[in-house]
Amino acid sequence: MALGLVIFGRQGAGKGTQCEYLIDHYGAVHVSTGDMLREAVDQGTELGREARRYMDAGELLPDDLIVGIVRERLDQPDVVERGFLLDGFPRTVAQAEALWEVAGDRIDAVIDLQVPLDEVKARMLGRGRADDTDEAISRRLALYEEQTVPAIEWLGRKDHLVTVDGVGTPEVVSQRLIAAIDAATHR
Ligand code: AMP
């Protein structure tokens with residue numbers, strides 16, 4: 001059976017790097033809403049033009065819009081066949097509820113990659129992404145606490161929540177993640 005994983009982590013927690021290790025290890029498809037939106041922005045599609053306004057400000061896109069995009073992606077054949085590592089979604093309780101409704105039975109583990117706030121702030125300032133202004137970073141971190149932490153709690157009550165300490169070298173953290181996921185999914 002294809003593996004279904006959801007990964008949470010504050011911006012700057014090293015989630016992007018860890019996702020690369022995980023998709024390599026498990027062969028699942030990386031479904032990153034941030035990457036999908038950045039691609040739409042680069043291609044100048046209608047979605048991209050709308051998304052950009054929110055992304056530059058560090059705001060979240062409307063739930064309905066993002067839910068539709070994810071729902072479509074999860075139904076595509078590569079994802080159905082190889083499973084998924086969902087990254088950047090859900091970010092609100094409403095998104096978590098929608099995910100549970102459309103794909104709850106396909107989720108094997110919900111991972112929370114934890115890195116303290118001070119550490120992520122330092123890491124993010126060194127990152128230099130186009131939408132990483134100071135205000136956008138602060139706004140994203142605030143929204144994470146307000147909206148995403150409750151979504152983690154909501155999903156954690158539904159499914160196997162795996163909490164992993166994200167402080168350490170990328171290699172050490174990835175070993176921790178794989179061990180925790182294997183234990184949670186009995187692999
Ligand atoms: P990320 O790369 O995951 O940090 O996403 C970059 C930006 O895309 C976010 O700051 C939001 O503006 C937008 N975005 C990505 N995923 C979502 C989501 N699940 N809900 C709403 N907005 C999102």
Side-chain angles (χ1 to χ4, degrees), residues 1-11 13-41 45-48 50-51 54-55 59-114 140 143-164 166 174 177-187:
M1 253 285 275
L3 196 62
L5 301 172
V6 181
I7 188 163
F8 287 100
R10 291 192 175 102
Q11 291 80 2
K15 199 158 45 79
T17 306
Q18 294 305 326
C19 284
E20 284 175 30
Y21 284 107
L22 294 177
I23 54 171
D24 197 43
H25 185 83
Y26 292 109
V29 177
H30 186 202
V31 178
S32 156
T33 47
D35 285 353
M36 288 161 78
L37 295 173
R38 278 184 287 277
E39 217 166 275
V41 169
T45 62
E46 200 183 315
L47 167 68
E50 187 172 358
Y54 295 98
M55 295 170 80
E59 295 295 335
L60 296 177
L61 270 72
D63 288 330
D64 286 355
L65 186 61
I66 198 83
V67 165
I69 294 168
V70 171
R71 188 181 193 146
E72 215 171 87
R73 188 69 188 94
L74 291 181
D75 281 340
Q76 280 162 358
D78 59 332
V79 176
V80 171
E81 193 184 312
R82 289 166 48 205
F84 55 86
L85 173 62
L86 198 48
D87 167 17
F89 181 95
R91 267 185 157 86
T92 65
V93 171
Q95 292 179 17
E97 287 173 350
L99 172 65
W100 195 256
E101 207 178 299
V102 301
D105 56 349
R106 294 165 67 189
I107 298 173
D108 297 295
V110 175
I111 306 149
D112 186 9
L113 182 64
Q114 293 195 330
R140 272 191 232 114
L143 280 176
Y144 191 84
E145 305 310 315
E146 281 167 28
Q147 311 257 32
T148 306
V149 169
I152 302 172
E153 288 166 358
W154 192 94
L155 266 187
R157 283 196 295 273
K158 293 279 180 197
D159 214 276
H160 208 114
L161 184 63
V162 180
T163 302
V164 176
S174 77
L177 273 167
I178 289 168
I181 294 166
D182 286 351
T185 59
H186 310 291
R187 290 167 79 91

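In plain terms, the two heavy atoms of Trp100 and Leu155 that are nearest each other are CE3-CD2, 3.7 Å. Ala109 approaches Val162 most closely through the heavy-atom pair CB-CG2, 4.2 Å. Contact between Gln95 and Asp63 at its shortest, heavy atoms only, is NE2-OD1, 2.9 Å. Ala40 approaches Leu47 most closely through the heavy-atom pair CB-CD2, 4.0 Å. The minimum heavy-atom distance between Ala2 and Gly83, with the atom names listed, is CB-N, 3.3 Å. Closest approach of Gly14 to Leu113, counting heavy atoms only: C-CD2, 4.2 Å.
For the pairing with Phe89, the side-chain contact (heavy atoms from CB on, under 4.5 Å) check across Ile69, Leu99, Leu74 returns one residue only, Leu99.
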Pair up each side-chain donor or acceptor in residues 26-37 with any protein partner under 3.5 Å, not counting sequence neighbours, and list the distances.
from	atom 1	to	atom 2	distance (Å)
Tyr26	OH	Ile178	O	3.3
Tyr26	OH	Asp182	OD1	2.7
His30	NE2	Asp87	OD2	2.8
Ser32	OG	Asp35	N	3.0
Thr33	OG1	Gly88	O	3.1
Asp35	OD1	Arg38	NH2	3.0

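Expressed to the nearest 0.5 Å, how far CD of Glu101 lies from CZ of Arg71 amounts to 7.0 Å. Rounded to the nearest 0.5 angstrom, Phe8 CZ and Lys15 NZ are separated by 9.5 Å. Atom CG of Asp112 and atom OG1 of Thr148 lie 10.5 Å apart (nearest 0.5 Å). We find the CG-CD1 distance between Leu85 and Ile181 to be 7.5 Å, quoted to the nearest 0.5 Å.
Looking at Arg10 and Glu145, their side chains come closer than 4.5 Å, going by heavy atoms from C-beta outward. Two residues are said to be in side-chain contact when any heavy atoms from C-beta on lie closer than 4.5 Å; Val6 and Pro90 meet this criterion. Inter-residue side-chain proximity for Tyr144 and Ile152 is flagged as met; some heavy-atom pair is nearer than 4.5 Å. The closest side-chain heavy-atom distance from Leu143 to Glu59 is below 4.5 Å. Side-chain atoms of Ile107 and Lys158, non-hydrogen and from C-beta on, never get closer than 4.5 Å to each other. Inter-residue side-chain proximity for Tyr54 and Leu60 is flagged as unmet; no heavy-atom pair is nearer than 4.5 Å. You'll find the side chain of Arg106 reaches within 4.5 Å of the side chain of Val80, heavy atoms only. Considering only heavy atoms from C-beta on, Leu22 comes within 4.5 Å of Ile7 through its side chain.
Counting heavy-atom neighbours within 6.0 Å of Glu146 CD, excluding the residue itself, gives a total above 12.
Asp108 places a side-chain N or O within donor-acceptor distance of the main-chain N or O of Gly4, the cut-off being under 3.5 Å.
Between Asp78 and Arg73 a salt bridge is recorded (basic side-chain N to carboxylate O distance below 4.0 Å).
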